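Contents: one structure, followed by commentary.
Since the model is a prediction, treat every value here as computed from it, not as a measurement. First listed ligand is number 1; within each ligand, the first listed atom is number 1.
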Amino acid sequence: MPIISLSSFKGGVAKTTSAICLASLFCEDGTTLVIDADPNRSATTWARPGGLPFEVCGEKEAAKLMRSQKFEYIIFDTPARPNDIEIEELARGCDLLIVPTPPDILGMDAMTLIAKSLPPDSNWKVLLTMVPPAPQKDGQEAMEALKAQGYPVFSRGIRFYKAYKDAVAQGVPPYKVRGGKLAWRDWAEIKSEIIQALQG
Ligand SMILES: Nc1ncnc2c1ncn2[C@@H]1O[C@H](COP(=O)(O)OP(=O)(O)O)[C@@H](O)[C@H]1O
Ligand SMILES: [Mg+2]
C-alpha cells in the first residue's frame with residue numbers, strides 16, 4: 001500500500017491539486033484514498049459533488065477506513081506551514097514526500113526551507129507546478145537551477161491550465177473538464193517517474 005504525502009511551507013502551491021491528480025492517476029491501478037489533513041478541507045470540497053473516482057476522508061476518519069484494508073494507494077494532503085516535528089512525522093509516515101512549488105522565487109525559497117527540515121534519509125522529490133506556458137522559460141530555468149543545486153526534482157513540471165480551476169468548480173478530475181485532456185498529459189507522463197520514486 002504505497003503512501004504519498006504532499007507538503008510545503010507555502011500555501012497555494014498546488015498541494016491539494018496534486019493530491020487529487022495523483023489519486024485520479026493511481027485509482028486506475030487500485031482503490032485509492034485521499035486523506036484530507038488540511039483544516040481548510042479543500043480536497044473534501046473538491047470531492048463534495050461526487051464526481052471523483054476515489055474516496056476522500058478527513059484525517060480523523062482515516063484509521064477506521066484504513067482498517068478495512070480496501071485501499072491500495074493512500075495520498076495524504078496536508079496544510080501549509082508544518083513545523084519541524086510535523087515535517088519529520090510526515091516524511092517518516094510515507095513512502096514518498098512530494099513538495100510542489102511553482103517556479104518562482106517565493107515558492108523555491110520555501111522549498112529550500114522544507115528541504116533543510118527533512119530528515120536526511122527522507123524519500124522526497126520536488127514537483128514544479130503551475131509552470132507558465134512556452135515561450136516563457138520559468139519552468140525550464142527553475143528545473144535547471146534545482147538540478148544544479150542537487151535537489152531531487154521530477155523531470156517534467158505541471159503546466160498552468162485553466163482546467164484545474166474548472167475541475168474544482170465541477171468536482172471532477174481535471175481530465176474531465178473542457179481542455180483538461182491537454183493538461184492531463186503532464187500527469188500521464190510523470191506517472192512512471194512517480195512509481196519509480198516510490199521505490200526509493
Ligand atoms: N497547474 C495548474 N494550473 C492552473 N491552476 C492551478 C494549477 N495547480 C493549481 N492551480 C490552482 O492554484 C490554486 C492553489 O492550488 P491548491 O492545490 O489549492 O494549493 P495548496 O493546496 O498548496 O494550497 C487553486 O486555485 C488551483 O486551482
Ligand atoms: Mg491545499
From Leu198 atom CG to Tyr73 atom OH, the distance as rounded to the nearest 0.5 Å: 8.0 Å

Short side-chain donor-acceptor distance under 3.5 Å, Ser8 and Lys15: yes

Heavy-atom nearest neighbour in the protein, as seen from atom 24 (C) of ligand 1, with distance rounded to 0.1 Å: Lys165 CE, 4.5 Å

Atoms in ligand 1 flagged as close to Tyr161, the criterion being non-hydrogen separation under 4.0 Å: 3 (N), 4 (C), 5 (N)

Enclosure of Gln69 CD (heavy-atom neighbours >12, cutoff 6.0 Å): no

Heavy-atom proximity to atom 14 (C) of ligand 1, best of Ala167, Ser42, Gly12, Ala19: Gly12

Salt-bridge present (Arg81, Glu86; N to O < 4.0 Å): no

Heteroatoms of the protein, restricted to N/O/S, which lie under 2.8 Å from the Mg ion (ligand 2): Thr16 OG1

Those atoms of ligand 1 less than 4.0 Å from some heavy atom in Arg159: 1 (N), 2 (C), 3 (N)

Any N/O pair Lys15/ligand 1 closer than 3.5 Å: yes

Atoms of ligand 1 close to Ala14 [distance to a heavy atom under 4.0 angstrom, numbered from 1]: 8 (N), 9 (C), 15 (O), 16 (P), 17 (O), 19 (O), 20 (P), 22 (O)

Nearest heavy atoms of Ala43 and Ile20, plus distance in Å: CB-CD1, 4.1 Å

Contact check: Thr17 vs ligand 1, nitrogen or oxygen atoms, below 3.5 angstrom: yes

Whether over 12 other heavy atoms sit under 6.0 Å from Glu193 CD: yes

Nearest-contact summary for atom 2 (C) of ligand 1 - protein heavy atom, Å: Tyr164 CD1, 3.3 Å

Salt-bridge contact Glu59-Arg41 (side-chain N to carboxylate O under 4.0 Å): no

Which side-chain N or O atoms in residues 157-164 pair as donor and acceptor under 3.5 Å with protein atoms at least two apart or in another chain?
residue	atom	partner	partner atom	Å
Arg159	NE	Asp186	OD1	3.2
Arg159	NE	Asp186	OD2	3.2
Arg159	NH2	Asp186	OD1	2.8
Lys162	NZ	Asp166	OD1	3.1
Lys162	NZ	Asp166	OD2	3.0
Tyr164	OH	Trp187	NE1	3.0

Side-chain ion pair, Glu28 and Lys191, N-O less than 4.0 Å: yes

Polar proximity ligand 1 side, Thr16 side, N/O cut 3.5 Å exclusive: yes

Atom 7 (C) of ligand 1: the protein heavy-atom neighbour that sits closest, reported with distance to 0.1 Å: Met130 CG, 3.4 Å

Cation over ring face, Lys181 and Tyr175, 6.0 Å, 45°: no

Over all atoms of both residues, closest heavy-atom pair of Val131 and Gly139: CG1-CA, 3.6 Å

Close approach, Lys10 and ligand 1, non-hydrogen under 4.0 angstrom: no

Ligand 1 contacted by Val13 (non-hydrogen, < 4.0 Å): yes

From Ile4 atom CD1 to Thr32 atom OG1, the distance as rounded to the nearest 0.5 Å: 9.0 Å

